[in-house]
Protein chains: 2
Amino acid sequence: MGGKKSYIQNQIKRIRLARTDLTQVELARRVGATRQTIISIEAGRYSPSLELAFRLSHVLGEPLEELFQFVPEWD
Amino acid sequence: MGGKKSYIQNQIKRIRLARTDLTQVELARRVGATRQTIISIEAGRYSPSLELAFRLSHVLGEPLEELFQFVPEWD
DNA sequence: CCTCCATGTAAGATATACCTTACATAGAAC
DNA sequence: GTTCTATGTAAGGTATATCTTACATGGAGG
């Protein structure tokens, strides 16, 4: 995706701890991903695919826009 | 993402034509992607990154969940 | 008929999400 | 102080999203 910069914030760790008692391992299992993937996403190293984002939203019981915020392009 | 199968439907082409008069080229330009990417996504060859999904939602003026539907895992 | 313009297909390259495995650490529980 | 659990980092590999370029087609308008 060439062009202006932007990134995506996420509230996964906060919501996972606040609204559930899931461990990273358990969350990973339920969304069908690995623990490393959860760690990397919580740490903001990359943002998930749309599919994984939907699954996280579903498992954590929060709408997508609550879990992820688009921080728009500056020049 | 290992595990159960699922996919993501999108209404991009329908909404692009119904709610805007954007061409694929123009839409691509505004979301900072290429025409090929728009074509592939509209054709369902793959689903976009979360970031591109957010941009499409923003440019088309439709919430993410209206543009994309998660069709959940069967076994 | 010739020319745009919008849409489509295809091949090959790059970037990035995701996986696997291995090792480190801090806290809790004996 | 050893063991267990949760969290973290790092390296290397696979899968997939995105880009670049090239070529094809059908419709609209001279």
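Just so we're on the same page: letters track the sequence lines, and every chain starts at 1.
Proximity of B:T34 to the phosphate of D:dT18: no side-chain N or O atom is located under 4.0 Å from OP1 or OP2. In terms of phosphate contacts, A:S49 brings a side-chain nitrogen or oxygen within less than 4.0 Å of OP1 or OP2 of C:dC18. Regarding contacts with the backbone of D:dT18, every side-chain N or O of B:R45 stays at 4.0 angstrom or more from both OP1 and OP2.
Atom CD1 of B:I39 and atom P of D:dT25 are 16 Å apart (whole Å). Rounding to whole angstrom units, CZ of residue B:R29 and P of C:dC5 are separated by 16 Å. One can place CD of A:Q24 at 16 Å from C1' of C:dC18, the figure rounded to the nearest angstrom. Taking atom CE on B:M1 and atom C1' on D:dA17, their separation rounds to 14 Å, with Å as the unit. Between A:L27 atom CG and D:dG8 atom P there is a gap of 13 Å when expressed in whole angstrom units. Taking atom CG of residue A:L52 and atom C1' of nucleotide D:dT16, one finds them 14 Å apart after rounding to whole Å. Straight-line distance from the CG atom of A:N10 to the C1' atom of C:dA17: 14 Å, rounded to whole Å. A:Y46 places its OH atom 15 Å from the P atom of D:dT16, with the value rounded to the nearest Å.
Contact check for A:L64 versus B:L50: side-chain heavy atoms found under the 4.5 Å cut-off.
Counting atom types as modelled, A:E51 pairs no side-chain N or O with a base atom of C:dA17 as donor and acceptor under 3.5 Å. Residue A:Q36 places no side-chain atom within donor-acceptor reach of the base of C:dA17, judged by atom type and a 3.5 Å distance cut-off alone.
Considering only side-chain atoms of B:E42, the nucleotide from C:dA17, C:dG8, D:dT18 that sits closest is C:dG8. The nucleotide whose nearest atom lies closest to any side-chain atom of A:T23 is, among C:dG8, D:dT9, D:dA6, D:dA6. Listed nucleotides: C:dT20, D:dT18, C:dT7. Nearest to the side chain of B:K13: C:dT7.
Contacts of B:S40 with the nucleic acid, taken as non-hydrogen atoms under 4.0 Å apart, are absent. Within the 4.0 angstrom heavy-atom criterion, no nucleotide atom of any strand lies near B:A43.
Annotation for A:Y46 and A:T37: closest pair OH-CA, 3.9 Å, computed over non-hydrogen atoms. Scanning all heavy atoms of the two residues, the minimum distance from B:S6 to A:R55 falls at OG-NH2, 2.8 Å.
For the atom pair CD of B:Q9 and CZ of B:F68, the computed distance is 12.0 Å after rounding to the nearest 0.5 Å.
Put simply, the residue from A:Q11, A:E42, A:E26 that forms a side chain to side chain donor-acceptor pair (under 3.5 Å) with A:R16 is A:E42.
Taking the nucleotide of DNA chain C with the nearest heavy atom to each of A:R35 and B:R16, the more 5' of the two is matched to B:R16.
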